[in-house]
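This report refers to the structure that appears directly beneath it.
What's counted below: heavy atoms across the whole structure, side chains too, no hydrogens, waters or symmetry copies.
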Amino acid sequence: SLSDKLDVTFKKLRGQGRLTEDNIKEALREVRMTLLEADVNFLVVKQFVKAVRERAMGSEVLQSLTPAQQFIKIVNEELTSLMGGSAVDLELNSAPPVVILMVGLQGSGKTTSSGKLALSLKKKKRRPFLVPVDVYRPAAIDQLQSLGRQIDVPVFPSTDSQDPVKISRKAVETARQQGYDTVIIDTAGRLQIDEKLMAELEKIKAAVKPREILLVADAMTGQEAVNIAKTFNDTLDITGVVLTKLDGDARGGAALSIKAVTGKPIKFVGEGEKLSALDVFHPDRMASRILG
Amino acid sequence: LYGDKEIDEEFLEELEEILLTSDLGVKTSYRLFAEVEEKVSHKELENPAHLRRFLQQEIGTILKQAEAPWEIREKPYVIMTIGVNGVGKTTTIGKLASIFAKQKKKVVLGAADTFRAAAVEQLTVWAERAKVPIIKQSMGADPAAVAFDTLQSAIKREADIVIIDTAGRLHTKVNLMDELKKIRRVLDKALPGAPHEVLLVLDANTGQNAITQAQMFNEAIGVTGLVMTKLDGTAKGGVIVGVCDELKVPVRYIGIGESLRDLRPFDASDFVDALFD
Ligand SMILES: Nc1nc2c(ncn2[C@@H]2O[C@H](COP(=O)(O)OP(=O)(O)OP(=O)(O)O)[C@@H](O)[C@H]2O)c(=O)[nH]1
Ligand SMILES: Nc1nc2c(ncn2[C@@H]2O[C@H](COP(=O)(O)OP(=O)(O)OP(=O)(O)O)[C@@H](O)[C@H]2O)c(=O)[nH]1
Ligand SMILES: [Mg+2]
Ligand SMILES: [Mg+2]
């Protein structure tokens, strides 16, 4: 683990009462390698290491800690605060129906996460309405309808010959009439470089003015997480992120990359295939997972 | 990495960034980087074009063994498709079925993902698009039973190719990996030697976890071929180098989109070229 490596690094520098340029050089290298191995983006790692160096330089080593412990304390604190300090919840304080738009790359877990969110809102005594607007993927609408049936949440009866913008508009109108207070729109997976499909999301956004636009991202995403998140954010001004498949053993460096480049909070994590497997994001847990 | 700049400090920094951001990983990137620094210090690499060719050779060597013609000798030839959630297994099966069908091969699909919502419906649409028959049971049925059924039906029809779809699963879930072992055993029971291909599907967007996935799936039931999907996106898929180095199995195809024709044979030199684009 990183703390074991740092113990070795700092052992070579006995009797140091202070973290200096020299004694932290090797330690910073260890941090850099650890983060790169955890899939944190190259440029994000550069930035982070620079921030840690600035905090570490000249910092007094507390009586109760070894230099290694002091250093890892700084790394952990820096990473945790970067990950977003504390949990941020959904913004549901506006006139119903509140619209939540789920977006992201193919296969990231949008449809499943839409179901999970609907279930969690239902448990909180809200009246969610699921809206399938993926008219491209075979049986995508069937998939969301099946999830809706599992949790007894109504699903708008879209068909794949309809237009996603029109479906969205009509579904929000239906929600308003039927008294559903939260609308979750599940969109088709798309490449962030697909101009036509990114424009489709902009049109949906303009049509239904979502209160939340959640980027659903796979925790095992590698270096490209930064470019994917940046484009979705630049195009749509996302309000938060759902990080999925955290029940795997991916270190999840994509979380840091996404947070660093968008500044937007990771609101939820997916921890399994069951619709109950949604949790709020814990920045401190994510930080120690990334550091290994 | 073009033209006649000189190989200076700034250039080497750019190279380091290219290697790492392509998901080649720390180990592979720095091994290559060290070789480059060595050659540069001995004046064995004069300019960027030269360096680029050197890297292409080095990476190409690892990947060349990943480029082998797919020998299909058994009949029916049974392909079991596996991989973690959402990587593109079901879509890839549709595309593969279409390729084989166009080669006038008799193909049968097995809808052995009996767990995920609308998984069977999804594969059924692909079967219709590829114009091949599909064997399925109800949701919640035993996947091994569907696999068995499919193979039996294929043998009866004297099919050439059988492709079994399985549910996505994380390699860390012991019970789900046990389920894969059971499916494999059952296929072998129905036809000794089956499955003839265990095809692991990997997503080009995946980081270093792809290497762990490959190791664990291989450990569980043995992987004999790879497909890397979503290379139409911006991810370079550099993890394939580490995976091929570890498993020493061929990359059968790459997925480059969401429609029936978006599957291409793997070409190592094209792949390496794209790494440096
Ligand atoms: N283990 C695990 N699997 C998940 C999680 N979230 C989603 N999945 C699985 O990931 C796969 C893809 O999920 P989907 O919800 O279909 O993904 P999607 O983003 O809607 O896919 P497209 O619509 O094709 O872009 C399915 O097998 C899900 O069961 C999670 O948190 N953990
Ligand atoms: N852009 C692109 N999308 C792809 C490619 N291959 C698959 N997809 C998309 O990725 C998403 C997931 O594909 P699936 O075939 O459902 O993946 P899967 O591995 O069967 O998923 P699970 O069964 O849920 O584990 C779908 O939206 C596909 O259209 C590809 O090569 N390029
Ligand atoms: Mg979906
Ligand atoms: Mg599937």
* Asked: If we ignore angles and hydrogens, is there a donor and acceptor under 3.5 Å between the side chains of T206(B) and N209(B)?
  -> no

* Sort V120(B) into side chain, backbone, both or neither according to what part of it lies under 4.5 angstrom from a heavy atom of chain A. => neither

* To do: For the pair F156(A) and F129(A), name the ring-plane relationship: parallel under 30°, tilted 30 to 60°, perpendicular over 60°.
  => perpendicular

* Structure fact -> Checked R116(B), Q122(B), H171(B), E16(B) vs chain A; the most non-hydrogen pairs under 4.5 Å come from Q122(B)

* Please look at L36(A) and chain B and tell me whether the side chain, the backbone, both or neither of the residue comes under 4.5 angstrom of a heavy atom of that chain. => both

* Interface moiety of R32(A) toward chain B, non-hydrogen atoms closer than 4.5 Å -> side chain

* With a 3.5 Å cut-off and no angle check, do the side chains of S120(A) and K116(A) form a donor-acceptor pair? -> no

* More than 12 heavy atoms of other residues, nucleotides or ligands under 6.0 Å from CD of E195(A): is that the case? -> no

* Asked: Does a side chain donor of either T234(B) or Q192(A) reach within less than 3.5 Å of an acceptor in the other side chain?
  -> yes

* Structure fact -> From the list D203(B), V125(B), N85(B), the residue making the most non-hydrogen contacts under 4.5 Å with chain A is N85(B)

* For K245(A), does its backbone N or O pair with a side-chain atom of E271(A) as donor and acceptor, under 3.5 Å? -> no

* Test item: side-chain donor near acceptor, E246(B) and Q215(B), under 3.5 Å -> yes

* Flag for N205(B)-T221(A): side-chain donor and acceptor within less than 3.5 Å -> no

* **Partner residues of K46(A) under the side-chain hydrogen bond (donor to acceptor under 3.5 Å, both in side chains) criterion, sequence neighbours left out** => none

* Asked: Which of the residues T124(B), D232(B), T91(B) is involved in the greatest number of heavy-atom pairs with chain A at under 4.5 angstrom?
  -> D232(B)

* Structure fact -> Greatest number of non-hydrogen atom pairs under 4.5 angstrom with chain B, of D39(A), L191(A), T112(A), falls to D39(A)

* **Salt-bridge contact E26(A)-R29(A) (side-chain N to carboxylate O under 4.0 Å)** => yes

* Asked: Does T229(B) reach the main-chain N or O of V87(B) with its side chain, forming a donor-acceptor pair under 3.5 Å?
  -> yes

* **Among S108(A), A139(A), A225(A), residue most engaged with chain B (heavy-atom pairs, under 4.5 Å)** => A139(A)

* At a heavy-atom separation under 4.5 Å, does E258(B) approach chain A through its side chain, its backbone, both, or neither? -> side chain

* Asked: Considering only heavy atoms, which portion of D247(A) lies under 4.5 Å from any heavy atom of chain B: side chain, backbone, both, or neither?
  -> both

* Asked: Is the side chain of K5(A) donor-acceptor paired with the backbone N or O of E30(A) at a distance under 3.5 Å, no angle test?
  -> no

* Counting N and O atoms only, with roles assigned by atom type, does the side chain of T166(B) sit under 3.5 Å from a partner on the main chain of T81(B), one being a donor and the other an acceptor? -> yes

* To do: Heavy-atom distances under 4.5 Å only: say whether K236(B) touches chain A with side chain, backbone, both or neither.
  => neither

* Asked: Counting heavy-atom pairs under 4.5 Å to chain B, which of N41(A), L43(A), L144(A), L147(A) comes out on top?
  -> L43(A)

* **Those residues of residues 248-257 of chain A, ordered by number, that approach chain B below 4.5 Å (heavy atom to heavy atom)** => G248(A), D249(A), A250(A)

* Structure fact -> Checked Q208(B), E121(B), M139(B), R169(B) vs chain A; the most non-hydrogen pairs under 4.5 Å come from Q208(B)

* Structure fact -> Bottom line for L105(A): the part with an atom under 4.5 Å from chain B's heavy atoms is side chain

* **Check ion pair K89(B)-D113(B) (N to O, under 4.0 angstrom)** => no

* Asked: Side chain, backbone, both or neither: which part of R149(A) has a non-hydrogen atom closer than 4.5 Å to chain B?
  -> neither

* Asked: With respect to chain B, which residue among M33(A), E37(A), Q150(A), Q143(A) yields the maximal number of heavy-atom pairs within a distance under 4.5 Å?
  -> Q143(A)

